[in-house]
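In what follows, residues are counted from 1 in the order of the sequence shown. Order of appearance sets the numbers: ligands from 1, and atoms from 1 within every ligand. In this text the structure is predicted, and so the values were computed from the model without any measurement.
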Amino acid sequence: MLQIENLHATVGETAILKGLSLTINAGEIHAIMGPNGAGKSTLAYTLGGRPGYEVTEGSATFDGQDLLALEPHERAAAGLFLGFQYPVEIPGVSNLQFLRESLNAQRKARGQEPLSGAEFIKLAKEKAALLRMDMEMLKRPVNVGFSGGEKKRNEMVQMGIIDPKLALLDETDSGLDIDALRIVGEGINAIMRKPDKAVLLITHYQRLLDLVKPDFVHVLAGGRIVRSGGAELALELEEQGYEAVA
Ligand SMILES: Nc1ncnc2c1ncn2[C@@H]1O[C@H](COP(=O)(O)OP(=O)(O)OP(=O)(O)O)[C@@H](O)[C@H]1O
Ligand SMILES: [Mg+2]
């Protein structure tokens, strides 16, 4: 589904990704761990097409298409979803408006009919219930005044409604209380653990991986993948730290 080869990317003048290669197949859940500043968010942003993240070498192919040649909205329409480490607030735009516009723009790009207001509300209610999010929260402006944990949970409601093929989730577990972590973990499984979908989880902690069991775990350090293994690699990291393992 996603094939990244020898990816190099710079932010401003600084080279951050330095030859990163990673392949993710449909049906797989991958976790990326690694020290602060290693380039994990940079990888997510570069794949998402955030302005200012410049690819200087290498390639990324998504479902056979040159991902890096697409505009961010085209990447989304192709089925890529990015859950932000720091979700942004959008004053003046309600969550429901934002999500309906996003979903229908993507449906249009895929040649599908837009959802009617009633169909959309039914879908939103279903996904909000899955994430135990009050519908009243979805009527509020996107993330404005939401607590840290509420923002993260809202990202997962968005993911449920958008129903992407590939989700890049950047520290979705950080800031969640114990109950919210379980709800989010179960939500990720319910929405994304399917044979035609894949997930890349960026995380610092084993607790999310206890819920969303990864097929592969990678260590990103110094802008590249320095080690890959199965779920047991995360436990080894937790015990020994990055210096010993990477
Ligand atoms: N606009 C920028 N200009 C210069 N350097 C930047 C810029 N944005 C990010 N960086 C640097 O890129 C490096 C990688 O940052 P990134 O956010 O990808 O790390 P990360 O692996 O996600 O870390 P964390 O675990 O703390 O979230 C950091 O050293 C950061 O300071
Ligand atoms: Mg980060």
Side-chain angles (χ1 to χ4, degrees), residues 2 4-22 24 29-60 67-68 72 75 80-89 143 146-156 158-159 164 166-176 180-181 184-185 188 199-210 212 214 216-229 233-246:
L2 179 70
I4 305 170
E5 272 173 29
N6 191 34
L7 190 66
H8 291 249
T10 58
V11 185
E13 299 291 292
T14 319
I16 311 287
L17 300 183
K18 301 168 185 168
L20 187 146
S21 297
L22 177 68
I24 300 180
I29 293 188
H30 291 241
I32 286 193
M33 307 182 83
N36 294 133
K40 302 179 301 296
S41 295
T42 301
L43 172 64
Y45 287 141
T46 303
L47 295 173
R50 182 171 177 168
Y53 289 72
E54 197 194 339
V55 174
T56 52
E57 205 181 322
S59 64
L67 183 70
L68 304 175
R75 300 180 195 202
L80 185 70
F81 177 88
L82 179 54
F84 291 105
Q85 182 172 2
Y86 303 108
V88 287
E89 300 187 0
N143 289 326
F146 284 24
S147 75
E150 286 167 351
K151 286 180 182 173
K152 292 306 180 82
R153 206 189 295 204
N154 195 31
E155 294 285 288
M156 295 301 94
Q158 291 179 11
M159 182 174 80
L166 174 64
L168 311 175
L169 304 183
D170 193 356
E171 296 197 26
T172 298
D173 52 338
S174 71
L176 294 176
L181 180 71
V184 162
I188 295 170
V199 180
L200 180 60
L201 290 173
I202 295 170
T203 184
H204 286 296
Y205 304 108
Q206 176 60 35
R207 19 169 232 184
L208 179 67
L209 305 181
D210 287 335
V212 184
F216 301 94
V217 173
H218 310 276
V219 180
L220 201 170
R224 56 169 65 152
I225 304 289
V226 295
R227 198 154 157 210
S228 296
L233 178 55
L235 296 169
E236 201 182 323
L237 288 167
E238 188 136 75
E239 248 173 47
Q240 300 183 17
Y242 290 115
E243 273 180 33
V245 171

J.: Under a 4.0 Å heavy-atom cut-off, what residues line ligand 1?
T.: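 Contacting ligand 1 under 4.0 Å are Val11, Thr14, Ile16, Pro35, Asn36, Gly37, Ala38, Gly39, Lys40, Ser41, Thr42, Gln85, Glu171, His204.
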J.: Would you check if the Mg ion (ligand 2) lies under 2.8 Å from any N, O or S atom of Thr42?
T.: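 Looking at Thr42, which is the residue asked about, there is no N, O or S atom under 2.8 Å from the Mg ion (ligand 2).
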J.: Return the minimal non-hydrogen interatomic distance between Asp173 and Arg207, and the atom names on each side.
T.: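 Shortest heavy-atom contact: O-NH2, 3.6 Å.
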J.: Is the backbone N or O of Asn6 less than 3.5 Å from a side-chain atom of Ser21, with the two atoms forming a donor-acceptor pair by type?
T.: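 Yes.
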J.: Which residues pass the side chain to side chain donor-acceptor pair (under 3.5 Å) test with Gln240, sequence neighbours left out?
T.: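 Here no residue qualifies.
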J.: Please state whether the separation between the Mg ion (ligand 2) and some N/O/S atom of Asn36 is under 2.8 Å?
T.: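 Given the 2.8 Å cut-off, Asn36 does not count as a ligand of the Mg ion (ligand 2).
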J.: Should the pair Lys152-Glu171 be classified as a salt bridge under the 4.0 Å nitrogen-to-oxygen rule?
T.: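 No salt bridge links Lys152 with Glu171.
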J.: Which class fits the ring pair Tyr53 and Tyr45: parallel under 30°, tilted 30 to 60°, perpendicular over 60°?
T.: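 The rings of Tyr53 and Tyr45 sit tilted, inter-plane angle from 30° to 60°.
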J.: Report the C-alpha separation of Gln206 and Asp210 in whole Å, then their side-chain angles, then the decisive distance to 0.1 Å, and conclude whether the side chain to side chain donor-acceptor pair (under 3.5 Å) test is met.
T.: CA-CA 6 Å; Gln206 176 60 35; Asp210 287 335; 2.8 Å; yes
J.: Would you say the side-chain atoms of Arg75 pair up with the backbone N or O of Leu47, donor to acceptor, closer than 3.5 Å?
T.: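 Yes.
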